[in-house]
Each structure stands twice: as C-alpha cells, then as structure tokens.
Visitor: 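I have a structure here, written as structure tokens, and I will follow up with some questions on it.
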Amino acid sequence: MWTISLHKIFAAIAMGIALLRMLPKRPFVTTAAYSLAFAVSSPIGVGIGIAIDATTQGSTADWMFAITMAVSACGVFIYVAINHLISKGFKPHKTTRYDTPWFRFVAVLSGVAVIAVVMIWD
C-alpha cells in the first residue's frame with residue numbers, strides 16, 4: 001500500500017502540473033482537489049479490496065477477487081475510456097455506424113468482463 005500511495009502522490013503532482021499548463025485559468029484549489037482525489041483513490045481501493053478479500057469465502061471469494069483485480073488492472077484504461085472517449089465524444093476520421101455511446105459503453109464493459117474471467121485462472 002505504501003508503494004501505491006507514494007506512486008500516486010507523484011502521479012497526482014504531475015497531473016496537477018499538466019492541468020495547470022493546459023488550462024492556466026483553472027483555479028488552483030480545484031486543480032489541487034482533483035489531484036488529491038486522484039492520489040487517494042488507489043490506496044482507498046486497495047483497502048476496500050483487502051477488506052473484501054478478508055471477509056469472503058469459497059467461490060464468491062474467487063469471483064470477487066477476479067472482478068476487483070480486473071477493475072484495478074484496467075483502472076487506467078477505464079479512466080481513459082470514460083473521460084476521453086465516451087464523455088468527450090472522441091471523433092474518428094471516418095464515421096461508422098458503431099460510433100455511438102452505446103457501443104462505447106459495451107466495449108468498456110466487455111473488456112472488464114473478459115479480464116475478470118481471465119483473472120479466475122490466474
């Protein structure tokens with residue numbers, strides 16, 4: 001947990017600097033709040049995962065472990081997919097019939113599901 005916390009602190013500082021450089025008129029307090037939320041999200045998630053792992057048994061524990069590991073392993077990809085591709089409306093060079101919010105959501109959800117199933121055999 002200490003390693004994750006230390007890594008997230010430096011990543012949050014870098015993210016805050018990048019936000020201030022990209023949007024210089026953004027309030028400093030807002031940027032600091034976003035960076036703090038980013039920095040504490042992973043350690044809190046690890047704590048929740050430890051609590052879930054310690055309180056479940058049997059096949060439920062295996063499924064919970066697989067799902068939480070898949071979500072944590074794909075956290076960056078989920079963050080990028082939700083914040084950059086789905087919410088901000090990524091525009092491809094050519095329009096296709098699959099470029100809808102519904103297909104984007106299904107793509108993110110299926111990616112998490114596949115990794116959750118694969119993590120069962122890990």
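All values derive from a computational prediction rather than experimental measurement.
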Visitor: Kindly write out the residues that satisfy ring-ring contact (aromatic ring centres under 6.0 Å, His included) with Tyr34, not counting sequence neighbours, or none if the list is empty.
Guide: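 Tyr34: no ring-ring contact (aromatic ring centres under 6.0 Å, His included) contacts found.
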Visitor: Would a single hydrophobic cluster contain both Val29 and Leu36, if residues Ile, Leu, Val, Met, Phe, Trp and Tyr are joined by side-chain heavy-atom contacts under 4.5 Å?
Guide: no
Visitor: Can you sort out the partners of Ile48 under side chain to side chain contact (heavy atoms under 4.5 Å, CB included), two or more places apart, ordered by chain and number?
Guide: Ile44, Ile52
Visitor: Measure the OG-CZ distance between Ser110 and Phe103 for me, rounded to the nearest 0.5 Å.
Guide: 11.5 Å
Visitor: Which residues pass the side chain to side chain contact (heavy atoms under 4.5 Å, CB included) test with Val117, sequence neighbours left out?
Guide: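 Val117: side chain to side chain contact (heavy atoms under 4.5 Å, CB included) contacts with Trp121.
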